Amino acid sequence: MGSPVPLSTDGFFGQRAARHFGVRGQEVSALRLEGELSLVATRLTCEERMRERTQPAPPDAAFSLLCPIDRLDGHRCWVAGEPQHSGPLPAGSVSLTDLRDKPQWQLCGRVDALQIYIPVRALAAVGERRSQPAVGSLRCDAGRPDPIIAGLCDTLMRAAQSTGSNTLLIDQLAICLLTHVAEVYGGPGCAEGRASGRLAPWQERRAKEIMAARLASELTISQLASECRLTASHFARAFRRSTGVAPQRYLMQLRVDEAKRHLAAAHLPLSDIALICGFGDQSHLTRVFKQLVGMPPGAWRRRLEPAVDRARLSA
């Protein structure tokens, strides 16, 4: 095998995946598209016959595709503690697992396989480049023969092993592998939100959590999209379809709601409330507040004061 490809320790690939499976790992290639990690191939090997059931994999918005080079005598997989597959994996077959489900495995017999790590955002980018709906999930029966993946994996390993490896060729093979997986295993009815173009539930929840936690900070569409493993353009469209409003509009509403809380709870100056809630200045707060509530924040506070005073007197 050629020199190891230097990789980040984040994500279920490379040495991190090898340690989890209890085998040796050799990084084969790492594909980056537009600066984003899009696919990592790791060769897993071990001569030992028996290994214990693994702990649940750390949650990761990505997929793990196991492609045996030689027959794997025993392969068991659990999702949320429930058995999903038990049996051998022939050479040239595939086993696909969603890492968001915290899977567990047990590999029995001699191991020689290629593990392909594919982030969810990389699948979305495949659709973006081809002007097709984004794939958010993949489905495949464990042990399914796939001669195209087998051939691409074999060629990828040979290209990486060769002296003076051709980086462009290796990247092109990885792109072919990524595209094949997205198109074959992300078919209609399989992708989260594919038919409607909406965010997956975990993506919508994550985006809303980040916006709520970072009201006072500069927050960009690209940052939110990255957290959801999507491209910025796809995230913006999917968020609108999921919530009925654009991300920026949703964030402004959160900031206005927070401003209301401060307006009602204390007599802070409007300039302070503006900064606490993430508005550039008092005029920005006033403009957005009036647009969403129908009146300036000062008028809204004055209307609220009689009710607050009555509550204080009755306390």
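What you see is a predicted model, and the numbers here were worked out from it, not measured in a lab.
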Indicate yes or no: does [X] engage [Y] in a salt bridge with an N to O separation below 4.0 Å.
{"X": "Arg71", "Y": "Asp73", "result": "yes"}
{"X": "Glu258", "Y": "Arg261", "result": "yes"}
{"X": "Glu204", "Y": "Lys208", "result": "yes"}

Got more than 12 heavy atoms from elsewhere within 6.0 Å of [atom1], [X]?
{"X": "Glu48", "atom1": "CD", "answer": "no"}
{"X": "Lys260", "atom1": "NZ", "answer": "yes"}
{"X": "Arg158", "atom1": "CZ", "answer": "no"}

Quick check for you: to the nearest 0.5 Å, what is the distance between [X] atom [atom1] and [Y] atom [atom2]?
{"X": "Glu227", "Y": "Phe235", "atom1": "CD", "atom2": "CZ", "value": "10.0 Å"}
{"X": "Gln253", "Y": "Leu292", "atom1": "CD", "atom2": "CG", "value": "5.0 Å"}
{"X": "Cys67", "Y": "Leu177", "atom1": "SG", "atom2": "CG", "value": "7.0 Å"}
{"X": "Leu199", "Y": "Ser242", "atom1": "CG", "atom2": "OG", "value": "4.0 Å"}
{"X": "Phe239", "Y": "Gln248", "atom1": "CZ", "atom2": "CD", "value": "10.5 Å"}
{"X": "Leu114", "Y": "Asp154", "atom1": "CG", "atom2": "CG", "value": "10.0 Å"}

Ser64 vs Gln115, side-chain hydrogen bond (donor to acceptor under 3.5 Å, both in side chains): CA-CA, chis, key distance, verdict: CA-CA 7 Å; Ser64 177; Gln115 186 243 2; 3.0 Å; yes
Between [X] (side chain only) and [Y] (backbone N and O only), is there a donor and an acceptor less than 3.5 Å apart?
{"X": "Asp101", "Y": "Pro103", "value": "no"}
{"X": "Thr179", "Y": "Cys176", "value": "no"}
{"X": "Thr54", "Y": "Glu52", "value": "no"}

Side chains of Leu107 and His75 in contact at under 4.5 Å (non-hydrogen atoms): yes
Residue pair Trp300 / Leu263, side-chain heavy-atom distance below 4.5 Å: yes
Path from Val245 to Leu254 over hydrophobic side-chain contacts below 4.5 Å: yes
In one Ile/Leu/Val/Met/Phe/Trp/Tyr side-chain cluster, 4.5 Å: Ile210, Leu215: yes
Which atom of Arg198 lies closest to which atom of Arg241, heavy atoms considered: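 Answer, listing the atom of Arg198 first, then Arg241: NH1-O, 2.7 Å.
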Under 3.5 Å side-chain donor-acceptor pair for Arg53 and Gln104: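 Checked: Arg53/Gln104 side chains pair up, N/O donor to acceptor below 3.5 Å.
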Polar side chain donor-acceptor pair, His180 to Asp146, under 3.5 angstrom: yes
Centroid-centroid under 6.0 Å between Phe12 and Tyr117 rings: no
Candidate pair Asp112 and Arg43, rule salt bridge (charged side-chain N to carboxylate O under 4.0 Å, His left out), full reasoning: CA-CA 7 Å; Asp112 190 359; Arg43 189 168 185 174; 2.9 Å; yes
